[in-house]
Each structure stands twice: as structure tokens, then as C-alpha cells.
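The model shown is predicted, which means the values in this text are computed figures rather than measured ones. Computed from heavy atoms alone, side chains included, the values below leave out hydrogens, waters and symmetry copies. Here, residue 1 is the first one in the sequence, and each next residue gets the next number.
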Amino acid sequence: MEAAAAFRAEHDLGSDGLGDLFTLIQATLGIDVMSVFAEESAHGLTMLDPSTGRIVIAVATTPHPMRQRSSVAHELGHVLLGHLELPEPPVPGQRSPQEIQADAFARHVLLPLESVRERIRPGAVGERELSSLVQEFGVSAHIAAIQLRDASLIDDDAVQSLKGLSAHALSLRHGWLDQHAALARSSESPRAPQRLIARAVRGVQEGVLGISELARWYDRGVEELEQELSAFGDESESIGDVPWGVDEPLFGDPRPGDDG
């Protein structure tokens, strides 16, 4: 998909796996990504403040890290494809054209077809090759199988036999269970929106906010967090890139270096 290729090209991401999507999206687009406890069926949601243009992506915690990654990429697709600007934004759970487009964006931004062709030789493609793509690019077997088919490396019958495999099963069989377990621990834990929390830290230090909410997001005891913050002394003044003020936008600038 052109939008996925354009995103990778604009930010010099090449054809490798994208690593941590939360950090990548915040660094490249200035969009905060957070994960919260939610129902298993509630994969993700993107929120736009129409008065400031600030965007936040929220996804559900899950023991399935590849699912969470695809949810984040799907929500990014909605942003970059302009779906948030439509008169009637996509409705979660409905298989609208916008939802289908966001799914396609997620597949192609996470696992470009050129990456598949670079790594997998034509011929016999089986579970081992599938596992290598799932591991390197952090995608589900379903996404990897579809991309293998679209790269003309397997047929529809092979897709049906491969797409139902879980990342957990693949990692167990092909020697990277420890890596998958670490990813699962991370995706099961809530993650705070980075720039908002940086501003909250500054607010606590300047006496504007109480520390209890910050301690909850950081999963620290109040006393423990107070000790950690005080340990930095004057260095703490560098935390947060926007001075605290009641009139400051909560999420800072929409994009790094953007004056708008």
C-alpha cells in the first residue's frame, strides 16, 4: 500500500522490522500511544482533539503482543489515511471500507512485500520461514501468511494452513520462546502516554499536580517515586520539553518542531 510505503520512506525506516511502535510513532509523528486494561474485543481507539489537532492512540493490554502491534499499526493507518477527518469517522467493529484500508495499511507497514521477497526464496515455504517473519517483524502468522501470498510465494491453500498458527506456538517450536515471553509481558502491562507523563512529572515537581496519579501510571509506590524523583536534584528541570502552564496544550506540540 502506498501510504505504508510513504511512511517508511519519509522516516527512513528501510525494510526491517519497526521495533517498538509506541516509541516510533511518538518520535516520528508526535502522537502519544498508550495501552490500558480493556475488554479483549476492544483492540484500539484513536482520539482527536478537534480544537488542537492533538491525537492519542489507545490500545488494549493483551497477552498477544503481535495482536497489539497490529492494533497500533491499524490505528496509525486511520490517522495517516485521513479517516479521522471524515464527517463520520470509522465505527469500531464495523467492516467499513476505512477499516479494511487500515488493516491493509497495518500489514504493509509492519511487513512490506519487498521485505518478504528479500528474506524468503521462492520454492518451498513452510512453518520455519513463517516463524522467521513473525519473529523479525513482530506480526501474527495471519499477517505473515497473507503477505507471503501477496508476494506470490505461497498459494491460498498454504495461507489457510499457516495463518492459524499462533506466535506462541511458533516461538516454542523454533527457539525464540523467551523473546515471545518478554514481548507478552510488555503487552500485558499498561503503558502511559509518554509526553503526557513527562509533563505530569514536571507538574509534580512544580507542585501543580499530586504524585498519586503519576505513581499509579509508573506502577510505583508514592514514597518510592518521591525518592526517585528527588534523587535527580536539579537535573529534573530537564524533564518535559514544554514549560508547565494552565494554558499549555496537554500533549504539547502535535509534531516535533511544528509551530502550529
Side-chain angles (χ1 to χ4, degrees), residues 1 3-5 7-9 11-25 33 35 40-41 43-44 57 59-77 99-189 191:
M1 174 177 271
F7 175 75
R8 278 181 167 265
H11 301 290
D12 298 320
L13 299 175
S15 60
D16 296 333
L18 293 183
D20 183 76
L21 296 180
F22 289 60
T23 303
L24 174 66
I25 293 171
V33 184
S35 61
E40 187 74 9
S41 59
H43 298 313
I57 293 173
V59 296
T61 57
T62 173
H64 308 290
M66 309 321 186
R67 178 187 301 172
Q68 188 181 78
R69 285 175 58 81
S70 65
S71 295
V72 173
H74 176 99
E75 296 303 320
L76 176 62
E99 289 297 308
I100 294 171
Q101 291 170 4
D103 279 347
F105 174 91
R107 289 198 309 273
H108 288 282
V109 79
L110 291 174
L111 180 55
L113 294 181
E114 65 174 294
S115 303
V116 177
R117 296 187 180 108
E118 286 173 357
R119 288 158 176 78
I120 307 298
R121 291 180 296 179
V125 178
E127 187 179 301
R128 182 178 63 181
E129 289 74 22
L130 182 79
S131 175
S132 69
L133 294 177
V134 170
Q135 179 184 11
E136 180 179 355
F137 291 90
V139 296
S140 66
H142 192 136
I143 286 178
I146 291 174
Q147 295 302 83
L148 282 165
R149 181 198 62 195
D150 290 353
S152 301
L153 293 169
I154 61 175
D155 58 21
D156 287 334
D157 289 338
V159 171
Q160 294 303 314
S161 66
L162 294 174
K163 71 177 186 179
L165 295 169
S166 71
H168 180 271
L170 291 171
S171 70
L172 175 62
R173 295 173 188 169
H174 297 279
W176 53 283
L177 181 62
D178 52 351
Q179 179 185 348
H180 182 270
L183 293 172
R185 286 192 296 271
S186 177
S187 64
E188 284 184 297
S189 300
R191 286 183 63 172

Chemist: Looking at OG of Ser166 and NE2 of His64, how far apart are the two atoms once the value is rounded to the nearest 0.5 Å?
Modeler: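 Ser166 OG to His64 NE2: 8.5 Å, rounded to 0.5 Å.
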Chemist: With rounding to the nearest 0.5 angstrom, report the CZ to CD1 distance, Arg149 to Ile146.
Modeler: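 One gets 5.5 Å once the value is rounded to the nearest 0.5 Å.
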Chemist: Can you confirm whether Val33 sits close enough to Leu21 that some side-chain heavy atom of one is under 4.5 Å from a side-chain heavy atom of the other?
Modeler: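 SC-SC contact between Val33 and Leu21 ruled out.
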Chemist: Using only atom types and a distance under 3.5 Å, with no angle test, would you say the side chain of Ser35 pairs donor to acceptor with the backbone of Ser189?
Modeler: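 Yes, Ser35 side chain to Ser189 backbone: donor-acceptor pair under 3.5 Å.
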Chemist: Quick one: does Thr23's side chain get under 4.5 Å of Arg191's, heavy atoms only?
Modeler: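 Yes, close enough: below the 4.5 Å cut-off.
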Chemist: Rounded to the nearest 0.5 Å, what separation is found between the CG atom of Leu148 and the CD atom of Glu129?
Modeler: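 Rounded to the nearest 0.5 Å, the CG-CD separation comes to 8.5 Å.
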Chemist: How long is the gap from CD on Gln135 to CD on Gln179, to the nearest 0.5 Å?
Modeler: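 Reported value, rounded in 0.5 Å steps: 4.5 Å.
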Chemist: Donor-acceptor check, side chain of Arg69 to backbone of Phe137, threshold 3.5 angstrom: yes or no?
Modeler: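 Side chain of Arg69 to backbone of Phe137: a pair is present.
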Chemist: Looking at Ser131 and Glu127, would you say the former's side chain and the latter's main chain have a donor-acceptor pair under 3.5 Å?
Modeler: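 No: the side chain of Ser131 does not pair with the backbone of Glu127.
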Chemist: Can you name the nearest heavy-atom pair linking Leu170 to Ala141, along with the distance?
Modeler: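 Where Leu170 meets Ala141 most closely, the heavy atoms are CD1-CB, 4.1 Å.
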Chemist: Can you name the closest pair of heavy atoms from Glu118 and Ser15 and give their distance?
Modeler: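 Looking at all heavy atoms of both residues, the closest pair is OE1-OG, 3.1 Å.
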Chemist: Ignoring hydrogens, what is the shortest heavy-atom contact between Val134 and Ala144? Give both atom names and the distance.
Modeler: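 Nearest pair, atom of Val134 first, then Ala144: CG2-CB, 4.1 Å.
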Chemist: Keeping the roles fixed (side chain from Gln147, backbone from Pro112), state whether a donor-acceptor pair exists under 3.5 Å.
Modeler: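 Looks like no, no N/O pair under 3.5 Å.
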Chemist: Just how far is it from atom CG of Leu111 to atom CG of Leu133, taken to the nearest 0.5 Å?
Modeler: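 Result: 5.5 Å between the selected atoms.
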Chemist: Quick one, Gln68 and Phe22 - any side-chain contact, counting heavy atoms below 4.5 Å?
Modeler: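 When only atoms from C-beta onward are counted, Phe22 and Gln68 do touch, with a gap below 4.5 Å.
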Chemist: For Asp16 and Arg8, what are the C-alpha separation, side-chain angles and deciding distance, and is it a salt bridge (charged side-chain N to carboxylate O under 4.0 Å, His left out)?
Modeler: CA-CA 10 Å; Asp16 296 333; Arg8 278 181 167 265; over 6 Å; no
Chemist: So which atom in Leu113 and which in Ala151 form the shortest heavy-atom distance, rounded to 0.1 Å?
Modeler: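 Looking at all heavy atoms of both residues, the shortest contact is CD2-N, 4.0 Å.
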Chemist: Looking only at non-hydrogen atoms, find the nearest pair between Ile120 and Ser132 and report the distance.
Modeler: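 Closest pair (atom of Ile120, atom of Ser132, distance): CD1-OG, 4.1 Å.
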Chemist: Do side-chain atoms of Ser140 reach the backbone of Met66 as a donor and acceptor pair under 3.5 angstrom?
Modeler: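 No; judged by distance alone, with no hydrogens or angles, the pair does not exist.
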Chemist: Mind checking whether Leu24 and Leu13 have side chains closer than 4.5 Å, heavy atoms only?
Modeler: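 Answer yes - side chains close enough.
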Chemist: Donor-acceptor check, side chain of Glu75 to backbone of Val72, threshold 3.5 angstrom: yes or no?
Modeler: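 Here the side-chain-to-backbone pair does not exist.
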Chemist: What do you reckon, is CZ of Arg128 surrounded by more than 12 foreign heavy atoms closer than 6.0 Å?
Modeler: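 At most 12 heavy atoms, drawn from other residues, nucleotides or ligands, come within 6.0 Å of this atom.
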Chemist: Do you know which two heavy atoms are closest between Leu18 and Val109, and how far apart they sit?
Modeler: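 Looking at all heavy atoms of both residues, the shortest contact is CD1-O, 3.4 Å.
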Chemist: Can you find a heavy atom in the side chain of His43 that is under 4.5 Å from one in the side chain of Val59?
Modeler: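 Result no, sub-4.5 Å side-chain heavy-atom pair not found.
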Chemist: Would a 4.5 Å heavy-atom cut-off, applied to side chains only, mark Arg119 and Glu136 as touching?
Modeler: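 When only atoms from C-beta onward are counted, Glu136 and Arg119 do touch, with a gap below 4.5 Å.
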Chemist: Do side-chain atoms of Ser186 reach the backbone of Leu183 as a donor and acceptor pair under 3.5 angstrom?
Modeler: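 The answer is no, because no donor-acceptor pair under 3.5 Å joins these two groups.
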Chemist: Measure the CZ-CG distance between Arg121 and Leu153 for me, rounded to the nearest 0.5 Å.
Modeler: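 That separation rounds to 12.0 Å.
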